[in-house]
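Report on the structure given below.
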Amino acid sequence: MGSSGVEQSAQKAFGWAATDTSGVLSPLNFSRRATGEKDVTFKVMYCGICHSDIHFIKNEWGNAYYPAIPGHEIVGVVTEVGSKVQNFKAGDQVGVGCMVGSCRSCENCSNDLENYCPDMKGTYGATYYDGTKTLGGYSDIFVVDEHFVIRIPDNMPLDSTAPLLCAGITVYSPLKYFGLDKPGLHVGVVGLGGLGHMAVKFAKAFGAKVTVISTSIGKKDEAITRLGADSFLISRDPEQMEAAMGTMDGIIDTVSAAHPLMPLLGLVKSHGKVILVGAPEKPLEFSAYPLLAGRKTIAGSGIGGMKETQEMIDFAAKHDIKADIEVIPMDYVNTALERVLKADVKYRFVIDIANTLKAA
């Protein structure tokens, strides 16, 4: 898929890769495929750091291979397009998120839900159609089928747009699908990290009242003053939780650690929805009774299809929605990965690839 009928030599590339489960990255020379007839090749300018990158390079999901180059919040500028590419040209601002391929023929793909295709190819962690392993965006160039390229509007800064390609679409999609995009609704957001801060921004742009739900009062000021949330709820405070019972139309739960769901079910109204976008390693427990008593829903959601991802980017451009980021040089990446594990970033690291990735 994406290769032309004419044999061409591979493209030299350079990036940072893990070579074992230690999670430590180091410089690596490698190859990208030649630009095929339906491919877009672009110079990577910035790449966001997602917690998923750490799971992958440490083989915590069991799908790692080495060398492993992570990164699926990738933005850059097109340098070359294949002969059959219709929608992009050299000089365009573009991005690639969590996937670089799908079967394009199943029911999900036919409904613009490539993210749920059984044969979806991750930007890293997958075997591509030509038998090669996919390698992510901690690298200088990227080659991808044009179907999986997102156009970045010229008015959007590339560095703070990069995290929207994972964190942004991960919260935008469930807000839309579960009907929490209507003005006047009350939306709760659990967790105020890379996903949570984007959920607050999108929900506010949709016109919702937003309450951030956290275990610690330490994030109250930033939630309300910095991000524009309407209220802040400490989940460990029984009085606050009791006062908020049955007040929310839906909750976006971004937490990836094991945590109780029962208190969250109590916060939503009848017909309310608790939507999981985090992925705790251990199973979560809940009682059926609160679901029955209020016809409530516990649901999950994972990124979005290509059409919806472009819609999300265009919506963000219209409403001036950007990620809150800390831009770092490439050689700081190992320290940054350690800080991600400590939640020591507000709220997303973005690697300045173009200016700081130095070829060996």
Side-chain angles (χ1 to χ4, degrees), residues 1-2 38-40 42 47-48 50 52 63 71-76 85-88 92-129 134 136-137 142-153 156 161-182 194-195 198-199 201-203 205-206 250 252-254 273 275-279 297 299-319 321 323:
M1 191 178 208
K38 293 183 179 179
D39 283 340
V40 171
F42 64 92
C47 185
C50 175
S52 300
N63 68 333
H72 59 203
E73 299 177 342
I74 315 165
V75 292
V85 169
Q86 298 180 334
N87 298 314
F88 300 96
D92 286 348
Q93 287 193 160
V94 296
V96 169
C98 301
M99 57 184 167
V100 293
S102 70
C103 79
R104 312 280 289 277
S105 60
C106 69
E107 182 178 358
N108 284 322
C109 287
S110 298
N111 289 311
D112 299 311
L113 294 170
E114 300 94 338
N115 50 314
Y116 298 127
C117 172
D119 197 31
M120 186 269 281
K121 303 299 185 185
T123 302
Y124 57 78
T127 301
Y128 199 64
Y129 302 99
T134 58
F142 205 83
V143 185
V144 61
D145 186 291
E146 77 161 323
H147 183 79
F148 297 91
V149 179
I150 295 297
R151 181 178 299 280
I152 308 297
M156 296 190 76
T161 295
L164 271 63
L165 294 165
C166 173
I169 187 59
T170 296
V171 297
Y172 179 91
S173 184
L175 286 168
K176 292 282 288 187
Y177 181 81
F178 291 99
L180 299 175
D181 57 341
K182 311 295 189 296
L195 293 174
M198 295 308 313
K201 292 186 178 191
F202 277 113
F206 286 134
I252 302 293
D253 183 349
T254 72
K273 309 166 185 76
I275 305 152
L276 310 180
V277 295
T297 301
S301 182
I303 58 170
M306 297 310 302
K307 181 179 179 181
E308 187 174 51
T309 303
Q310 186 67 63
E311 174 191 301
M312 177 274 304
I313 286 289
D314 294 341
F315 181 89
K318 180 179 179 180
H319 294 271
I321 296 174

Inset, instruction - Would you tell me whether Tyr172 and Glu308 have side-chain atoms, one donor and one acceptor, within less than 3.5 Å of each other? - result: no
Taking every non-hydrogen atom, the tightest pair across [X] and [Y]:
X	Y	answer
Ala323	Lys201	C-NZ, 4.3 Å
Cys106	Cys117	SG-SG, 3.9 Å
Gly95	Leu165	CA-CD1, 3.8 Å
Ile275	Pro174	CG2-CB, 3.8 Å
Lys176	Glu311	CE-OE2, 3.3 Å
Val75	Phe42	C-CE1, 4.2 Å

I need the [X] [atom1] to [Y] [atom2] distance, nearest 0.5 Å.
X	Y	atom1	atom2	value
Met99	His72	CE	NE2	11.5 Å
Ile152	Gln310	CD1	CD	7.0 Å
Phe178	Thr297	CZ	OG1	7.5 Å
Ile74	Phe142	CD1	CZ	4.0 Å
Cys166	Ile303	SG	CD1	7.5 Å
Tyr129	Asp119	OH	CG	4.5 Å

Legend entry - Residues in side chain to side chain contact (heavy atoms under 4.5 Å, CB included) contact with Ser110, at least two apart in sequence or another chain: none
Legend entry - Residues that Tyr116 engages under side chain to side chain contact (heavy atoms under 4.5 Å, CB included), provided they are two or more places apart: Asn108, Leu113, Ser301
Legend entry - Residue pair Ile321 / Phe202, side-chain heavy-atom distance below 4.5 Å: yes
Legend entry - Check: Val149 and Asp92 side chains under 4.5 Å, non-hydrogen atoms: no
Test your reading of the model: is there a side-chain donor-acceptor pair from [X] to the backbone of [Y], 3.5 Å cut-off?
X	Y	value
Thr123	Cys98	yes
Glu73	Cys50	no
Gln93	Pro153	yes
Asn115	Gly302	yes

Legend entry - Met306/Ile150 under side chain to side chain contact (heavy atoms under 4.5 Å, CB included): CA gap, chis, key distance, verdict: CA-CA 8 Å; Met306 297 310 302; Ile150 295 297; 3.6 Å; yes
Inset, instruction - Answer yes or no: is there an ion pair linking Asp145 with Lys38, defined by an N-O contact shorter than 4.0 Å? - result: no
Legend entry - side chain to side chain contact (heavy atoms under 4.5 Å, CB included), paired with Met198, selected from Ile169, Val171, Ile252: Val171
